[in-house]
Amino acid sequence: MSVRAILQWPDRRLRTAATDVPEVTDLVRATWADMVDTMEAMPGVGLAAVQIGVMQRLAVVDASDGRGQAVLMANPEVLHASVQLRPHEEASPCLPGVSARIERPRAVTVRFLNADGAVEERDFVGLWATSVQHQIDHLAGRMYFDRLSKVKRDMLLRRARKGG
């Protein structure tokens, strides 16, 4: 287990959709362990494998107060999303020094392969739901700022280039 380097925007891999994980193997579990270490070191509430240059649909999320409750997901997909939106100030270690207020569904039901390789469906609410959706975006080659208007996105990227 180790802390991995985070890809920096505009690395083209951040715009590339990750590939599905056919099964949960020891290599997948080792990648998850590195992802949790990397997430904790940031510190953050989630990390997608593409952020560390692993082009597989793997994500970890831990929005718990005490930490140590990371949910490990392979091939996560949103099955249901609440109509009610929740605004949250989002950021990414791939684009340090800037953040933006993003509105996403307050609650989502997500299907994924868990650490045992079994299909699991789980409901996420609040910050957990925001983080899961943020990671799923990363796995599809999208960044949180893609959800902004063009004007706001351009302002954010200009601010990031100037160093926040």
Side-chain angles (χ1 to χ4, degrees), residues 1-82 86 88-96 98-99 102 104-147 160:
M1 297 186 297
S2 61
V3 174
R4 302 264 201 109
I6 301 281
L7 298 181
Q8 295 300 297
W9 177 260
D11 190 300
R12 64 180 173 70
R13 290 171 288 181
L14 294 170
R15 285 299 196 199
T16 305
T19 58
D20 277 346
V21 177
E23 63 179 327
V24 174
T25 62
D26 288 343
L27 181 59
V28 166
R29 288 184 189 94
T31 302
W32 272 328
D34 286 355
M35 290 170 66
V36 169
D37 287 350
T38 304
M39 173 183 66
E40 295 295 343
M42 291 183 318
V45 294
L47 191 71
V50 296
Q51 293 178 275
I52 59 169
V54 175
M55 302 309 293
Q56 291 186 301
R57 295 193 65 236
L58 299 172
V60 297
V61 174
D62 188 349
S64 62
D65 290 336
R67 307 302 282 186
Q69 304 291 316
V71 178
L72 312 177
M73 295 177 275
N75 309 329
E77 62 176 316
V78 174
L79 299 178
H80 306 286
S82 66
R86 174 186 183 269
H88 185 75
E89 195 71 20
E90 292 189 34
S92 175
C94 300
L95 191 68
V98 293
S99 63
I102 307 292
R104 296 184 188 265
R106 186 188 73 79
V108 290
T109 301
V110 178
R111 179 173 46 217
F112 57 92
L113 290 179
N114 64 24
D116 297 324
V119 174
E120 183 175 332
E121 287 184 16
R122 188 180 293 198
D123 295 328
F124 295 95
V125 179
L127 183 56
W128 285 90
T130 297
S131 182
V132 168
Q133 292 170 82
H134 182 110
Q135 307 323 316
I136 290 173
D137 276 358
H138 270 304
L139 297 177
R142 290 192 303 265
M143 298 283 288
Y144 72 92
F145 54 76
D146 293 331
R147 295 183 174 275

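Rounding to the nearest 0.5 Å gives a distance of 4.0 Å between CD of E90 and CZ of R104. Once rounded to the nearest 0.5 Å, the distance linking CG of L139 with CE of M55 reads 9.0 Å. Atom CD of Q133 and atom CZ of R86 lie 10.0 Å apart (nearest 0.5 Å). Once rounded to the nearest 0.5 Å, the distance linking CE of M73 with CD of E120 reads 9.5 Å. Between E121 atom CD and H80 atom NE2 the span is 7.0 Å, to the nearest 0.5 Å. The distance from the CD1 atom of I136 to the CZ atom of R57 is 7.0 Å, given to the nearest 0.5 Å.
A heavy-atom distance below 4.5 Å is not found between the side chains of L7 and Q51. Contact check for V119 versus R111: side-chain heavy atoms found under the 4.5 Å cut-off. Within the 4.5 Å cutoff, side-chain heavy atoms of T25 are placed close to those of V28. Annotation: side chain of Q8 is in contact with side chain of P96 (closest heavy-atom distance under 4.5 Å). Counting heavy atoms from C-beta on, the side chains of E40 and D62 come closer than 4.5 Å. With contacts defined as side-chain heavy-atom distances shorter than 4.5 Å, the pair W32/V60 qualifies. Between H134 and I102 there is no side-chain heavy-atom pair separated by less than 4.5 Å. Annotation: side chain of Q135 is not in contact with side chain of P76 (no heavy-atom distance under 4.5 Å).
Scanning both residues, A18 and V50, for their nearest heavy atoms gives CB-CG1, 3.7 Å. Of all heavy-atom pairs between A59 and M35, the closest is CA-CE, 3.7 Å. Closest non-hydrogen pair, S92 versus M143, comes out as OG-CE, 4.3 Å. For the pair A160 and L95, the tightest heavy-atom approach, listed with the atom from each and the gap, is CB-CD1, 3.7 Å. Considering all non-hydrogen atoms of both residues, S131 and G46 come closest at OG-CA, 3.6 Å. Of all heavy-atom pairs spanning V45 and M39, the tightest one is C-SD, 3.6 Å.
Using bins of under 30°, 30° to 60° and over 60° for the plane-to-plane angle, the ring pair F145/W9 lands in the perpendicular bin.
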Stepwise side chain to side chain contact (heavy atoms under 4.5 Å, CB included) check, V61 with W128: CA-CA 7 Å; V61 174; W128 285 90; 3.7 Å; yes

For the pair V54 and R4, evaluate side chain to side chain contact (heavy atoms under 4.5 Å, CB included) and give the outcome as yes or no after the intermediate values. CA-CA 10 Å; V54 175; R4 302 264 201 109; 3.6 Å; yes

Trace of the side chain to side chain contact (heavy atoms under 4.5 Å, CB included) decision for I6 with L47: CA-CA 10 Å; I6 301 281; L47 191 71; 3.9 Å; yes

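Checking side-chain atoms of N75 against main-chain N and O of D20 turns up no donor-acceptor pair under 3.5 Å. Between the side chain of S99 and the backbone N or O of E89, no donor-acceptor pair lies under 3.5 Å. Counting only distance, with no hydrogens or angles, the side chain of D37 and the backbone of V3 share no donor-acceptor pair below 3.5 Å.
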